[in-house]
Amino acid sequence: MSKRFPAEDYALPFFKQEGFIRKQCPKCGEYFWTQNAQMETCGEAGSDECGCYTFIGEPAAKKPFSLPEMREAFLSFFEKNGHTRVKPYPVVARWRSDIYLTHASIIDFQPYVTEGIAPPPANPLVISQPSIRLTDIPNTGPTFGRHLTIFEMGGAHAFNYPDKEVYWKDQTVRYHHEFATEALGIPSEEVVYKEDVWIGGGNAGPDVECIVRGLEVGTLVFMQYKVVGEEFVKLPIRTVDTGYGIDRFAWISQGTPSLFQAIYGDMLDKVYSMAGISKVDNQFLTRVGKYSGLVNVDKTANRMVLRKRVSQLTGIDLTTLEKELIPIENAWALTDHTKTLCFMLSEGVVPSNIQEGYLARLLFRRAYRLARGLNMDIDRLYDIVDLQVDKWGRDFPQIKAMHGEIVEMLKMEQEKFEDTLKRGEGMVKRIAADLKAKGISQISNETLSELYDSHGLPPEIVKQAAEAEGVAVEVPENFYSLVANRHMQANKPTEEDTVAEHSLEVAVQGLPPTELVYYPEPYTREWNAKVLKIVNSEYAVLDRTCFYPEGGGQPADHGYFAYGGGVQAEVVDVQKVGRVVLHKIKTENALPSEGTTVKGILDWERRHALMKAHTGTHLVNGAARRVLGEHVWQSGTQKGLESTRLDISHYRRLTPEEVNRIEVLANEAILANMPVETTWFPRNEAEARYGFRLYQGGAVPGKEIRVVKTGNWDVEACAGTHLKSTGEIGYLKILSTERVQDGVERLVYAVGIAAVKAVQRQETLLRKVAETLNAPLEKLDKTAERTVKELKEANSEKKKLLKELAAKESGALAETVAETEDVNGVKLVKRDFGEETDVNRMVQTASEIIKRNEATATVFYGADQKTARIMVMAGAEAVAKGVNAGAIVKLAAPIFGGGGGGRANFAQGGGTKPDKLAEAVKAAEDAIKKQLTP
RNA sequence: GGGCUGGUAGUUCAGCUGGUAUGAACGCUUGACUUGCACUCAAGAGGUCGGGGGUUCAAAUCCCCCCCAGUCCA
């Protein structure tokens, strides 16, 4: 979608007053505002080459600022100007269901604030938000720090309501200009404002980019539209969304060749020395850094073209450029990635193969490969992590608090990756050897993408391993799009359910919100209500209800309505659509008519059990966190009558000991009989009071949040029905655990009487086993062990005996049990095994006989009531003379109603008509004779 | 949430167009020869072919369900 806003949208009084001129850049074609009449291009050092970085070596500000200094300068500037300082939000956007990571400051206020559902924590406000952008991975390094996977976005936000204007475009630009010129001392005529259109996250509006000496240091967005199809629809709330690149501002204030030097300072030297980069030529970096603005790996896929251009502009030859630059870029990227990992893991992201955990894994593996590429001992990676914790731990205390867990999770991840690599290298070796044997000297693209897609082997690693085996690998330029193509097939959306849901939404329109009696009175089992509407002749809508609708992993209540003197309508399901509760009535039952007053009666046994399960779940969650660590988050839950489950994030399989400890802790929490308090808080207050740990169950909609506080054990935002106190649960028993995904463990447990019954079931099972084994319960393990051992021994004894028997029967004894005949120099041995149909025994015997004389063919057979079997084996000499066992069985087996086959030296067959066996044997005998007849 | 790959001896794997697991290598045990850099040679032990169901005369092999593990993408 390309759209331009009219020029007047950007013609601000500020520009006029301060003598800014609007110009069109001849290179990129964009309009920009500047006080410098001599300026021809917009000066932005992008791929259009409108300029280069002129701050490198010549700092743009009055003094150098470190990142924390710049952050403080920014925050205090806006604070001075009437903004309230707000603490940064987490980098894991758990309050949102559409994204995993916070990638801008505005993310903190979407959708509740920007859509007017909840008020902002302050208005206007200022925040410095650590933001993670993994789409910038390939650019991190090559662009000298213009792109980072983690950066701090300074956000000064104002939310303008129809009835309350805070400030809008003009004031926003004024603030920026004042910050840049007065707070930082950047000369006014060096600040350029570029007109631009901003579209993101379904919203849009005009924006201006702020360029200083070639670098975009900020974007001032005026969010005022919702994107609907191709159209922009005006929003009631106009949001000032400014993004100040705090890191970039620090960079221009220091004028270092790269942003990394500005942010990391001395720490970078330590990384260099770990990476074995002995001398870093700052003059060289300065020359290259000036032109780093035109590098953008996404837009111009071919990296080499970019390098060539940089080489042209700097006059440094390509080889030198590559050789000098690549290790440094990699060290930069490594430094950046470890910082991002520290932030992510400190908030409880567990590396895994799904969701945000996968992003952490991706990042770690990349960091690992960068370290390897720099010939760095992998242990140094953890030294860098330590440096990061030291560097950022003061301003972001959770990083310091989680230091141990971060390192542990990373080490675990390292182990897993090294296993994958080892496995993969073995696989490549075998593939290479196989190809070589077939005379193929190159690994196909198909194989290459499969190795990556299914086994996680990046092509460079395959190349390395294959070439060591003497098989070539050519990695196609478009490798990753080839992989993407493999995913293109079959993504069929099944959206039948949404249609039905939509019809309910329409049906409840205009109805008043149902009064939810189950919240203030979770123990009320009977109440009177008026039927407001019957929907789709199956759902009843009441004015007030005690029936809990399905949600938050808690199943719907059941029960019935009584009305009209003795009529009962059973409620089999309850759903909430919007703010209206729908009660599904059993199909066979009569529906009460609209306007009737009904008495609702809850299936209390069911509801009470579910309440126990729900409160119990909060206890298990709290117990798991205490036993396993602060990285534990709920990643899903389903309450049930028989058993309930809770999925938690954790980086390794739970041990039985850990499970026992969780169980004991949870039961201690029950015995402590702690009160369960539920309180509605305004969103901001809830977050301020309890932090983002509240969002255990994921995103919670609405302006007000229901907070469930279980004694001193656990606090969560939760919409379920809860007990008054924990003691009511009685007893909680963990039944089993499983691994749902890498990094997600599932605990299955039962509460109350269901828990007792579960224990009884397990006991019954044990007792049965004990009876079968005829052993006392307490010696069951030893007895089972011994029994299995004995069974194994018996089996191997049987095998041995079979062999011995075969050896005997193949010798002298053979004469007595088998018929032997000589046909043209081949000994034909025929034997009826009677009721023995175990081919294994026939095979053993036959091969013993043949071992003695290769010029032998055996025809063995047997039959029980139901099936007949025939087996033909021929020695090498017999085969040479023409015997073909396969052909014989194929011919003979159909006679007794079956089939069979095999090879020339061995074949077997079976059938279902044992009475025809003799006939088939005769046929087989004749066939052999025929084969041996010249 | 979607896709792909795998589960066979203690380990790494072969076998998978159904028809003997005489499986291979390494490891292990015993013996011989040597004692030096993966010693060599001989003999031997070691398998519910992840689990369950189905098709078939016959399933490691084909089909379905489940479990376990790996991996890519959003």
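Chain letters run A, B, ... following the sequence lines, proteins first, then strands; residues in each count from 1.
The base-pairing partner of U34(B), taking Watson-Crick or G-U wobble contacts with both distances under 3.5 Å, does not exist among the strands shown. Within the shown strands, C28(B) is the pairing partner of G44(B) under the Watson-Crick or G-U definition, both distances less than 3.5 Å. Across all strands shown, U71(B) pairs with G3(B); the Watson-Crick or G-U wobble distances both stay below 3.5 Å. Remark: U61(B) base-pairs with no nucleotide; criterion is Watson-Crick or G-U wobble with both hydrogen-bond distances under 3.5 Å. U55(B) makes up no base pair with any nucleotide shown, lacking Watson-Crick or G-U wobble contacts both under 3.5 Å. When both distances must be under 3.5 Å, the Watson-Crick or G-U wobble mate of C49(B) does not exist. Nucleotide U20(B) has no partner under the Watson-Crick or G-U criteria, as no pair reaches both atom distances under 3.5 Å.
By the side chain to side chain donor-acceptor pair (under 3.5 Å) test, R361(A) pairs with E413(A), D742(A), sequence neighbours left out. Residues meeting the salt bridge (charged side-chain N to carboxylate O under 4.0 Å, His left out) test with K429(A), sequence neighbours left out: none. For R746(A), the side chain to side chain donor-acceptor pair (under 3.5 Å) partners two or more places apart in sequence, or in a different chain, are D647(A). Scored by the ring pair (Phe, Tyr, Trp, His ring centres under 6.0 Å) test, Y100(A) finds no partners at all (sequence neighbours excluded). By the side chain to side chain donor-acceptor pair (under 3.5 Å) test, Q554(A) pairs with H614(A), T721(A), sequence neighbours left out. For Y89(A), there are no side chain to side chain donor-acceptor pair (under 3.5 Å) partners at least two apart in sequence or on another chain.
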Under 3.5 Å between N/O atoms: give me all the protein pairs with nucleotides 21-24 of chain B, atom names plus distance.
none

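With both ends at atom P, the span from U61(B) to G7(B) equals 11 Å, rounded to whole Å. A distance of about 10 Å separates the C1' atoms of C49(B) and A9(B), rounded to the whole Å. Between U22(B) and C65(B), the two P atoms lie 32 Å apart (nearest whole Å). Remark: the separation of the C1' atoms in U17(B) and A74(B) is 38 Å, to the nearest Å. Comparing U12(B) with A59(B), their C1' atoms are spaced 25 Å from each other, to the whole Å. For the C1' atom pair drawn from U8(B) and G23(B), the interatomic distance equals 10 Å after rounding to whole Å. Between the C1' atoms of C28(B) and A45(B), the separation comes to 8 Å (whole Å). Only the P atoms considered, G70(B) is 30 Å distant from A24(B), to the nearest whole Å.
Residues A920(A) and F896(A) approach most closely at CB-CD2, 3.3 Å, considering heavy atoms.
Relative orientation of the H631(A) and H650(A) rings is parallel, given thresholds of 30° and 60° on the angle between their planes.
Remark: P of G19(B) and CG of N905(A) are 13 Å apart, rounded to the nearest angstrom. Atoms CZ (R430(A)) and C1' (A25(B)) sit 12 Å apart, rounded to a whole Å. As rounded to whole Å, 12 Å separates atom P of C72(B) from atom CG of L359(A). Protein atom CD1 of I354(A) is 14 Å distant from nucleotide atom C1' of C72(B), rounded to whole Å. Put simply, CG on L101(A) is 13 Å from C1' on A74(B), counting in whole angstrom units. For the pair R903(A) CZ and U20(B) C1', the interatomic distance rounds to 8 Å; values are reported in whole Å.
Between L362(A) and G426(A), the residue anchored nearer the 5' end of RNA chain B, judged by the nucleotide with its closest heavy atom, is G426(A).
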Listing, residues 909-919 of chain A side-chain donor-acceptor contacts under 3.5 Å, not counting sequence neighbours, or none:
residue, atom, partner, partner atom, Å
T912(A), OG1, G897(A), O, 3.3

### Task
Summarise protein proximity over nucleotides 53-71 of chain B in one line of letters, 5' to 3': B for base, S for sugar-phosphate only, - for none, counting protein heavy atoms closer than 4.0 Å.
----B----------SSBB
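Atom CD1 of residue I928(A) and atom CG of residue N884(A) lie 10.5 Å apart, to the nearest 0.5 angstrom.
Two rings, from F364(A) and F417(A), have their centers 6.0 Å or more apart.
No engagement by D419(A) is indicated, since no non-hydrogen atom pair under 4.0 Å with the nucleic acid exists.
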